[in-house]
Amino acid sequence: MGPRVIVQDAPFDAASLLDGFGAGAGAVVTFSGLVRADDGLVALEIEHYPGMTEAALSDHARNAVERFALTDALVVHRFGRIEVGAAIMMVATAAPHRRAAFEAADFLMDWLKSRAPFWKREIGAEGPRGWVAAKDADEAALTRW
Amino acid sequence: MGPRVIVQDAPFDAASLLDGFGAGAGAVVTFSGLVRADDGLVALEIEHYPGMTEAALSDHARNAVERFALTDALVVHRFGRIEVGAAIMMVATAAPHRRAAFEAADFLMDWLKSRAPFWKREIGAEGPRGWVAAKDADEAALTRW
Amino acid sequence: MTMQVAAIDVLYFAWLRERIGVPRERVETSAATVRDLVAELAGRDDWHAAALSDMDAVRVAVDQRLADMDAPLAGAREVAFFPPMTGG
Amino acid sequence: MTMQVAAIDVLYFAWLRERIGVPRERVETSAATVRDLVAELAGRDDWHAAALSDMDAVRVAVDQRLADMDAPLAGAREVAFFPPMTGG
C-alpha cells in the first residue's frame, strides 16, 4: 500500500484523515499549513496543474517513504479559494522512531513549497491581488536534502 | 494565555484537543509518540513525579513559546499503563511560519525525552520487564539547542 | 534529419495563463527542444513574447514532469509553462 | 556555623523506589548539600547504600527542580532521587 495523496478543492477533515494513521508506528508527525490574515487578506486562491499535481505528489510521497523508511505517509493539498483560518494542506508521516518522522515531514514540506505545481494568489477585501512570489529561501531549502 | 499542559493516566483524544488549536497561525506541527509492539511488548508502564511533572512541562512549554515565538503550544503526556498501539504523548506547536513550528516541536521532544520526570517500564505477556534505559543519544540531542 | 511536425498541447498557469490569455493551446511544431518551442511561441504575438521573455522566471514541464530548456520534445504530447511554484 | 536540623521529604522513583523499598520517607537531617544527604542516606542500610552507590546513574531534584550534588539544602522541603528520565 503506497502513501495516500489527496488533491481537492473542498475543505478536508484532518481528524478523520488521521484516524488510524500510523497504526503500529512509534512516531507520527503532522504539519498543517493555514491561511493567515496578514495585511487584510481574506482568502487565497490556489491554482494547480490537474494530473501533474497528483502524479508529482505521489512520486514524492513514495520517495519520502523509501528515504526515511516510513510506515505511512499522507499528503493533502487543496486548490481553489481557501478562506483565512482554513487549512491549505497537511502532511503526515509515521515511522518507528521520531527522528525519521520529523525529517520526512520537513522534507515533504520543503519539496511541496517549490516543486509541487501549485500557485497562490492573495485575495483582499478589494478583490484579487497579485500572485505570491516564490521565495529564494524555499528554493534554497531543497539543497538540505 | 499560556501553553496548555495535560498530564493524565486516561487515554486522550488528539482530535478534540487539536480542535481550534493554532487559530490564526500559519503553521501547526504535531508529534505523537505511540507504544510499538517490539519484542512481544504488550504495554508500557509509566511512572512520573506528580507536581514536578506538571511544573516542569509548563516551564518548558513556556520556554518553547518564547524562544520560537509560538502563537500556541500543547503538551499532553500520559502515565500509568499504556497498551501497545496507544498514544503515550503528543506535542503541538503553532507559529506564523513552518520553520518555527517544526523546530519548536523538535525542541520540546528533545527536552521531554530526557528532562521531564517520566520513567518507562516495559510490560511483556510474561509480566513486567526492566525499566527502559535512558539513551545517550537522547541526552546528546539536547546540546543541539 | 527530417523535420518532424507534431501537435503538442501547450499549457500556461498562473500569471503566464493570464498574460497569454488562454490556459492552453494546441500547436503544430517541429521544435526539437523546449528552447526551440519557446522561440516559436514567442514569435506568435506580443503577449507570448512578453510572457516568455525571461525564461529564468518560468518553469517548464514536459508531459507533466519538470524539465529544462534543453529537454527534447520528441514524442512529447504536453508542455506546460508556469511561474516558480508556491505550494504548501 | 550552627548545624541546622531540618525535616526533609525524600522521594524515590522507578528502580530507586523499588530497591530502597519505599516511595518516600521523612528524614531529620543537618546535611548542607545533596552530597551530604546522600552520604547520610547511604549509611542507613544496605538497600539505601546500594541504590545510592553510583550517583552518576542517579538524578536529583530539590523542591521539584533538577539539581546537582553540590546543591544546597537550606530551606529545602523535598529532595527526590531517580534514574535518568525516559519520557516522550
Side-chain angles (χ1 to χ4, degrees), chain A residues 5 7 31-36 44-61 75-79 82 87-91 105-122 128-142, chain C residues 6-27 31 33-34 37-38 41 47-88:
Chain A
V5 168
V7 179
F31 175 88
S32 305
L34 314 169
V35 183
R36 275 186 329 243
L44 285 180
E45 178 81 30
I46 299 185
E47 185 167 329
H48 80 304
Y49 185 168
M52 178 172 169
T53 307
E54 293 80 354
L57 293 182
S58 293
D59 276 359
H60 193 62
V75 178
V76 192
H77 205 300
R78 292 180 63 191
F79 59 88
I82 306 178
I88 303 165
M89 48 71 59
M90 177 173 69
V91 301
D106 206 4
F107 170 79
L108 280 167
M109 286 309 304
D110 274 347
W111 182 87
L112 260 176
K113 285 272 170 185
S114 47
R115 289 291 182 276
F118 291 103
W119 301 275
K120 289 194 187 99
R121 180 178 10 209
E122 297 182 343
R129 299 176 183 173
W131 295 93
V132 173
K135 296 197 188 83
D136 288 345
D138 286 337
E139 184 65 33
L142 276 177
Chain C
I8 292 185
D9 285 320
V10 179
L11 280 62
Y12 307 105
F13 292 97
W15 62 254
L16 279 116
R17 173 179 52 69
E18 294 179 323
R19 295 204 192 159
I20 289 173
V22 293
R24 65 193 300 152
E25 56 191 338
R26 172 156 296 199
V27 302
T33 64
V34 170
L37 178 62
V38 168
L41 291 168
W47 294 282
H48 282 81
L52 299 170
S53 64
D54 177 13
M55 288 301 292
D56 284 345
V58 174
R59 300 287 176 269
V60 184
V62 175
D63 286 337
Q64 305 193 354
R65 295 199 163 262
L66 289 173
D68 60 27
M69 291 289 276
D70 297 318
L73 293 183
R77 289 171 305 173
E78 184 173 301
V79 176
F81 296 99
F82 41 78
M85 294 85 122
T86 53

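Protein chains get the first letters and strands the later ones, always in sequence-line order, with residue 1 at the start of each.
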Heavy-atom distances under 4.5 Å only: say whether [X] touches chain C with side chain, backbone, both or neither.
| X | answer |
| --- | --- |
| Ile88(A) | side chain |
| Asp59(A) | side chain |
| Ala116(A) | backbone |
| Arg121(A) | side chain |

Which pair of non-hydrogen atoms, one from Ala61(C) and one from Met52(A), has the smallest distance, and what is that distance?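 Where Ala61(C) meets Met52(A) most closely, the heavy atoms are CB-SD, 3.7 Å.
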Measure the CH2-CZ distance between Trp131(A) and Arg17(C) for me, rounded to the nearest 0.5 Å. 5.0 Å
Spatial distance of atom CZ (Arg115(A)) from atom CZ (Arg59(C)) [nearest 0.5 Å]: 7.0 Å
Parallel, tilted or perpendicular, judged at 30° and 60°: which one describes the rings of Phe13(C) and Trp119(A)? parallel
Residue pairs, two or more places apart or on separate chains, that pass side-chain hydrogen bond (donor to acceptor under 3.5 Å, both in side chains) and touch residues 79-88 of chain C: none
Is the number of heavy atoms from other residues, nucleotides or ligands within 6.0 Å of CG (Asp136(A)) greater than 12?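 Not more than 12 within 6.0 Å, no.
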If you count heavy atoms of other groups shown closer than 6.0 angstrom to CZ of Arg65(C), is the number above 12?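 It does not: Arg65(C) CZ has 12 such atoms or fewer within range.
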Side-chain contact, heavy-atom cut-off 4.5 Å: Glu47(A) with Phe82(C)? no
